Amino acid sequence: MLLGTVLVLLLFSAAPASAHAALRSTDPDDGSVVKQAPRSVTLTFTESVGLLDDSFRVFGPDQRRVHTGETTHADGRSDTARVGLPGKLAQGTYTVAWRVVSADSHPVSGAFTFSVGKRSATTTQIDTGPDEDPLTGGLYDAARYLAYLAAALLVGAAAFALLCRPADRSPLRRPLVTAWWTLLGSTVVLLLLRAPYEAGAGPAAAFDASALGRTLTGRPGMALLARLAVLLLTAVFLVWFSRSRDRRDRREPVALAAGTALAVGLALTWAAAEHASAGIQVPLAMTSSVLHLLATGVWLGGLVALLLTLRRSSGEDLTEVVPRFSRIAFAAVTVLVVTGVYQSWRGLGSVSALTGTSYGRLLLAKLVAVTALVLAAGYSRRWTARLAEPATARPVAVRERVAQPVGAPPPEATAGPGTPDAEEPEAPGPESEDGDGNGDVRRRGLRRSVLVEVAVAAVVLLITTLLTTTLPGRAQAEAAQQAPVGALPPTTLVTVPYDTGTDTVTGRGTVQVTVDPARVGENGVQAVVYGSDKGLIVIPEVRVTFTLPARKVGPIDAELTDAGGYWSTNSVNLPLPGTWTMKTTVRVSDVDQVTVSKQVRIVS
């Protein structure tokens, strides 16, 4: 009952949105200047998101972190995130760094800015928080890969025992036990590492009780708990099934039904927490994902079971078992092709994404590996057909009976050893068509080809693991259409060196000019002056003008004002896109000044 409840919650809480959450809008708007300080910051995404304790980090104009309230969903909507701000905020530019968990279990993050009253210059790098801890990410991906391998082996070996019905099941006991313990251990590791993986923290954060509690109530944590429950039931099933020594036991139909139900439940724990649970056509995608995972296990895990069986079983048993597996593997490959084509279309969204995105390139690599796997499987089918051929009856030498005189002794009595008539049956040689030596050759050939299949299958599962952690091409295209795409606003920072010819700290240096957002329309311009000693300096005047020679527009004076340590304005109207010439005039005394020209790109 508990397992069914958890699986139902996982299934019916999957929202039909785009895989990987994309930031749809922010309030305040990215790059905007508001007259009054907002009471909260609200983000709206393209799909439901999970919140973390540290989902928001807000930094003020002085680059210090602002104390914020509790992170919640705005108005109860699961596709939003909101955090309260203090009652009084100083004038200047604020940076908001955010991190949430999308519906397909992957953390996404970004940052944006807004200004209260007027924009302010930011001259230092702000620590917006961790993106991903390399050690945690590496351990999490390794555990995910082991889980895929173990699940494929567990499903495949069990399916091989149930469907192919080998006379001796003892070679399958060790791989079944090994796969079960490996899947159990990797699932526990994934459950413990889930919180630091979401937060971008180190592995030590796995022992934080509060973070673990939050993991157990989220979608990925619930899926992992459901997997543990399925594994416990699987252990009971394996113990019960191992007691059935006769392959024609009357309990086999019950065992087949129970094993199928457990395999489907195991596959659902993946489908309900990854790409299939979010995006277009969620019910169909989850069904396809479950079938894809099961077919993968039946084929690839069954190959390992077949390889072990080839080493232990007799030739007579193999003539029945191998053809059965060959038919089952062909059906599994057919399911893999159909579901794989659908999932590829759903993940890519366009043909150009096949080569233009990381997801598409990984998919091409998987296609090459699967093609190699199918070729190896075709070679194995040839050996399978030879092994299944019935042994041909040996030809019996028939001697022509020669008429003998009446009363003469029979030929057997007169033909002694060494005489031409004393013929003994010829023993079959090691390479004879019906001898045991030829059967051994066929088994060795089949073992070698299956071993190649197993090696290539491990590569296919590795690429599959990488695909589950890669942003799908369809989602990447949708995210590219969103603004601000969860990143810092488009700004242009131009470093302008100057030299007035005077040998003083202020006579030579650089001016850092920021044009924000460097788009057609109203822009903010800030200028910070550094002396020859790389320190901030105060000078009498900085003037910036913009000219668009191609359209004969300008010069447009930015009319910078001294904002106490830097020069700034929020109202420079650049009406046309193109490459503008920005002239920066630096006056360090009543008589010493210099003008330097730089190119600035303004987009529409």
Side-chain angles (χ1 to χ4, degrees), residues 6 10 20 50 52 101-108 130-157 175-209 211-232 234-235 263 265-277 289 292-293 296-297 300-301 304 362 366 454 457-471:
V6 173
L10 287 170
H20 276 32
L52 307 173
V101 182
S102 60
D104 61 353
S105 81
H106 297 290
V108 289
D131 184 19
E132 180 182 275
D133 183 82
L135 181 57
T136 300
L139 292 174
Y140 194 86
D141 290 340
R144 193 197 298 263
Y145 179 57
L146 284 177
Y148 272 115
L149 283 176
L153 180 57
L154 183 62
V155 172
L176 282 171
V177 173
T178 302
W180 188 89
W181 280 107
T182 302
L183 185 54
L184 179 69
S186 59
T187 302
V188 171
V189 171
L190 289 172
L191 194 60
L192 292 176
L193 289 179
R194 185 65 207 179
Y197 174 72
E198 292 178 349
F207 302 100
D208 185 349
L212 181 60
R214 187 184 66 248
T215 296
L216 297 179
T217 58
R219 180 195 301 274
M222 292 174 64
L224 293 172
L225 283 178
R227 189 177 303 168
L228 291 176
V230 174
L231 282 175
L232 293 178
T234 303
L266 196 63
L268 276 173
T269 64
W270 269 279
E274 294 187 349
H275 289 321
S277 65
S289 179
H292 195 83
L293 290 170
T296 300
L300 304 187
V304 178
L362 278 174
K366 183 178 179 179
V454 171
V459 176
V460 171
L461 287 177
L462 176 60
I463 299 174
T464 301
T465 305
L466 296 175
L467 278 171
T468 62
T469 60
T470 304
L471 180 67

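Computed from a prediction, not measured in an experiment: that's the story for all the values here. Side chains included, hydrogens not; waters and symmetry mates left out as well; all remaining heavy atoms used.
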For Leu232, side chain to side chain contact (heavy atoms under 4.5 Å, CB included) partners two or more places apart: none

Over all atoms of both residues, closest heavy-atom pair of Leu146 and Thr182: O-CG2, 4.2 Å

Shortest non-hydrogen contact between Pro196 and Ala205, atoms and distance: CB-CB, 3.9 Å

Heavy-atom check, side chain of Leu224 versus side chain of Thr269, under 4.5 Å: no

Candidate pair Tyr197 and Leu139, rule side chain to side chain contact (heavy atoms under 4.5 Å, CB included), full reasoning: CA-CA 10 Å; Tyr197 174 72; Leu139 292 174; over 6 Å; no

Minimum-distance pair of heavy atoms, taken over all atoms of Ala147 and Leu190: CB-CD1, 4.5 Å

Atom pair CG/OG1 of Leu183 and Thr234 - distance to nearest 0.5 Å: 8.5 Å

Which atom of Ala271 lies closest to which atom of Ser289, heavy atoms considered: CB-OG, 3.6 Å

Any Val230 side-chain heavy atom under 4.5 Å of Leu268 side chain: no

Minimum-distance pair of heavy atoms, taken over all atoms of Thr136 and Gly202: OG1-C, 3.2 Å

Donor-acceptor contact present, side-chain Trp180 to main-chain Leu231, <3.5 Å: yes

Stacked cation flag Arg227 on Trp270, 6.0 angstrom / 45 deg: yes

Heavy-atom check, side chain of Leu149 versus side chain of Leu300, under 4.5 Å: no

Spacing of Trp181 atom CH2 and Ser186 atom OG [to the nearest 0.5 Å]: 12.5 Å

Value rounded to 0.5 Å, distance of OG1 in Thr178 from CG in Leu153: 7.5 Å

